[in-house]
Every structure is written in structure tokens, then in C-alpha cells.
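Take a look at the structure set out below.
None of these values were measured; they are calculated from a predicted model. Below, all heavy atoms of this structure are taken into account, side chains as well, without hydrogens, waters or symmetry copies.
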Amino acid sequence: LAGVVASYLKKEGFTPTLAHTGPESVAAAEELDPDVVILDLGLPGMDGVEVCRRIRSFSDCYVLMLTARADEVDKINGFAAGADDYLTKPFSPRELVARVNAVLRRPRESSLAEAPTAPREFGPLRVLADGREVWVGNAQISLTRTEFDILDVLSAHPHLAMSRRQIIEAVWGPGWVGDDHIVDVHVANLRKKLDDPPTQPRYVLTVRGVGYRMGTG
């Protein structure tokens, strides 16, 4: 499977490197500083979730997870570890390449040429878009890039109820293909980190039949 994926990526102009165990994957990511890691959950030596956690400790590369399991808990664990996207086997290699191209179109950081953005405040929650920092009171909250990007989009348009598709196009890009409910899994992790219970949320509100919007805190 790794060889098939690599061959498709080569045809698209990428330079893939293969690693076949968890420890090899972490070592290769640390040495090569890749743009994207395509990570199987079922790796020998160390599972994909732990590999993702370790890669996230030194790299902000994009991580796409592959798994034979479609359980929601696996998606939640994968995204909580820092994965950006998720594909369940069997999948089309062309779809995988499309996902890789989609994540690479996502901006990795805001342009320094842009005017500074004022902090956005929602009660005790503060979003500092320029520094990609999030604070609740005096505590800084550690978010994955995707979690921050979702919060950034919602907080930039605080009075707008955004559909899942609007959030996907803003965060993953219009070329992304897949299940729109990927947004729900990331929002669940985001709420957990913000101590924002889904039954009585203060920051990320559910708009029934539409999607999500920011609350006042």
C-alpha cells in the first residue's frame, strides 16, 4: 500500500520517502522535515496515534491518517493527537492525492505584510490570530493547527452562523473532498480543550440545521 501511494505521489511531482515502522516514521520526520506525513494507524513498533503525537512535538507538518477502522473514537483520538485529515481503507489513491493537494493549499501562517489583528475577546476567551495563541483567563490553551484554524475562522466572523461546508472551505480549502462531519470531531476536541461543554457551550455554539458560530463567552 505504501508503494502504491508513493507511486501516485511521484506522478504528481512529490518526493515521497517510505518508513515502515512507528519509530522509523518519527526518525524520518525529524530528519527530513516533511511538508506532509501520510500515517497508517496500524504500524508495528508504535501505533500511528503515538507517532502523530511525537511528530507534533517538533513539527507542524500536515498529517493525514489512514486506517482500516471507521470507528468514531479512532477519528477522535487521531485528531486529538494532531492529525489534520483522515481516510478509511479502502480508499482511492487519487482521493488521497487530492487530499494532499488540498492541505498544502492551506496557509501555514499569516502573512507578516498584513496589518496586525486585534485580539478577539469572548468573555475570558482571547484569540490572538497573529501569534496563533488562545487564552482562557490566565491559562494559554494548546490547540492543534486545525483546531486553531476552526476557532480563528469562527472568531473572525463572530455574528455569522457558518455551515460545515463553509468552515471546510475556509480551513481545508475548496478542493477538499470527504465527509463534512470531520468538522464535528475537531469541534468536539476544541470544546474539550476550552472547557466548553457541548450541552451548555459558551464559546463554540451549535446552530441547528446550519453549523456553528461563536458565543459571547
Side-chain angles (χ1 to χ4, degrees), residues 1-26 28-29 32 34-56 59-108 143-150 153 163-190 211:
L1 177 60
V4 170
V5 170
S7 68
Y8 272 85
L9 292 170
K10 284 180 181 177
K11 290 177 184 176
E12 290 293 315
F14 295 103
T15 306
T17 298
L18 302 185
H20 298 289
T21 71
E24 285 179 17
S25 304
V26 175
L32 298 172
D35 294 309
V36 179
V37 170
I38 300 169
L39 181 60
D40 199 307
L41 274 183
L43 290 174
M46 184 190 303
D47 71 21
V49 170
E50 181 59 27
V51 171
C52 188
R53 287 196 186 101
R54 297 198 184 191
I55 289 175
R56 276 287 168 258
S59 174
D60 70 343
C61 66
Y62 296 107
V63 177
L64 281 74
M65 280 194 169
L66 309 178
T67 181
R69 299 167 297 191
D71 294 342
E72 190 75 4
V73 68
D74 290 319
K75 296 180 183 180
I76 292 172
N77 289 338
F79 291 142
D84 296 286
D85 204 350
Y86 193 101
L87 274 177
T88 303
K89 302 173 190 173
F91 58 85
S92 161
R94 293 183 185 278
E95 180 183 0
L96 176 60
V97 171
R99 297 277 187 101
V100 171
N101 282 317
V103 297
L104 286 174
R105 284 194 290 268
R106 290 172 60 180
R108 298 186 74 146
L143 302 179
T144 67
R145 181 173 51 249
T146 298
E147 290 162 0
F148 179 86
D149 288 346
I150 290 173
V153 168
S163 69
R164 293 176 181 85
R165 177 47 53 179
Q166 285 176 308
I167 294 171
I168 282 173
E169 291 189 358
V171 173
W172 282 267
W176 188 88
V177 291
D179 185 354
D180 288 3
H181 286 85
I182 188 175
V183 175
D184 300 336
V185 183
H186 282 292
V187 166
N189 285 325
L190 175 60

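Between the side chain of Asp40 and the backbone N or O of Leu43 there is no donor-acceptor pair closer than 3.5 Å. Glu169 contributes no side-chain N or O that, together with a main-chain N or O of Gln166, makes up a donor-acceptor pair within less than 3.5 Å. Arg54 places no side-chain N or O within donor-acceptor distance of the main-chain N or O of Val49, the cut-off being under 3.5 Å.
To the nearest 0.5 Å, atom CG of residue Leu66 and atom CG of residue Leu41 are 8.0 Å apart. Atom-to-atom distance recorded for Asp85:CG and Arg99:CZ is 4.5 Å, nearest 0.5 angstrom. Remark: Ile167 CD1 to Asp149 CG distance equals 12.0 Å, nearest 0.5 Å. Distance check, rounded to the nearest 0.5 Å: OG1 of Thr15 to CG of Asp35 gives 10.0 Å. Interatomic distance, CG of Leu96 versus CG of Leu87, reported as 6.0 Å (0.5 Å rounding).
Pairing each heavy atom of Pro44 with each of Pro23, the nearest pair is O-CD, 4.0 Å. The two atoms that bring Glu147 and Thr144 nearest to each other are OE1-N, 3.0 Å, heavy atoms only. For the residue pair Ala83 and Met65, the shortest heavy atom distance occurs at CB-CG, 3.8 Å. Across Leu39 and Gly48, no two heavy atoms sit closer than the pair CD2-O, 3.2 Å. Minimum heavy-atom separation, Val51 to Ser25: CG1-CB, 4.0 Å. The two atoms that bring Cys52 and Val63 nearest to each other are SG-CG1, 3.9 Å, heavy atoms only.
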Note to self: Does Cys61 form a side-chain contact (heavy atoms from CB on, under 4.5 Å) with Ile55? I'd like the steps, not just the answer.
What the structure shows: CA-CA 8 Å; Cys61 66; Ile55 289 175; 3.9 Å; yes
Margin query: Is there a side-chain contact (heavy atoms from CB on, under 4.5 Å) between Ile38 and Leu9? Walk through the geometry before answering.
Written below: CA-CA 11 Å; Ile38 300 169; Leu9 292 170; 3.7 Å; yes
Next item on the list: Output, in order, the C-alpha distance, side-chain angles, deciding distance and verdict of side-chain contact (heavy atoms from CB on, under 4.5 Å) for Val100 and Tyr8.
Entry: CA-CA 11 Å; Val100 171; Tyr8 272 85; over 6 Å; no
Note to self: As a quick check of understanding, evaluate side-chain contact (heavy atoms from CB on, under 4.5 Å) for Ile182 and Trp172, giving each step before the final call.
What the structure shows: CA-CA 11 Å; Ile182 188 175; Trp172 282 267; 3.9 Å; yes
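In this structure, Lys89 forms no cation-pi arrangement with Phe91, as its terminal cationic atom is not both closer than 6.0 Å to the ring centre and no more than 45° off the ring axis. Relative to the six-membered ring of Tyr62, Arg145 meets both conditions, a distance below 6.0 Å and an angle of at most 45° to the axis.
Contact check on Asp84 versus Arg56 returns a salt bridge, with a Lys/Arg side-chain nitrogen under 4.0 Å from an Asp/Glu carboxylate oxygen.
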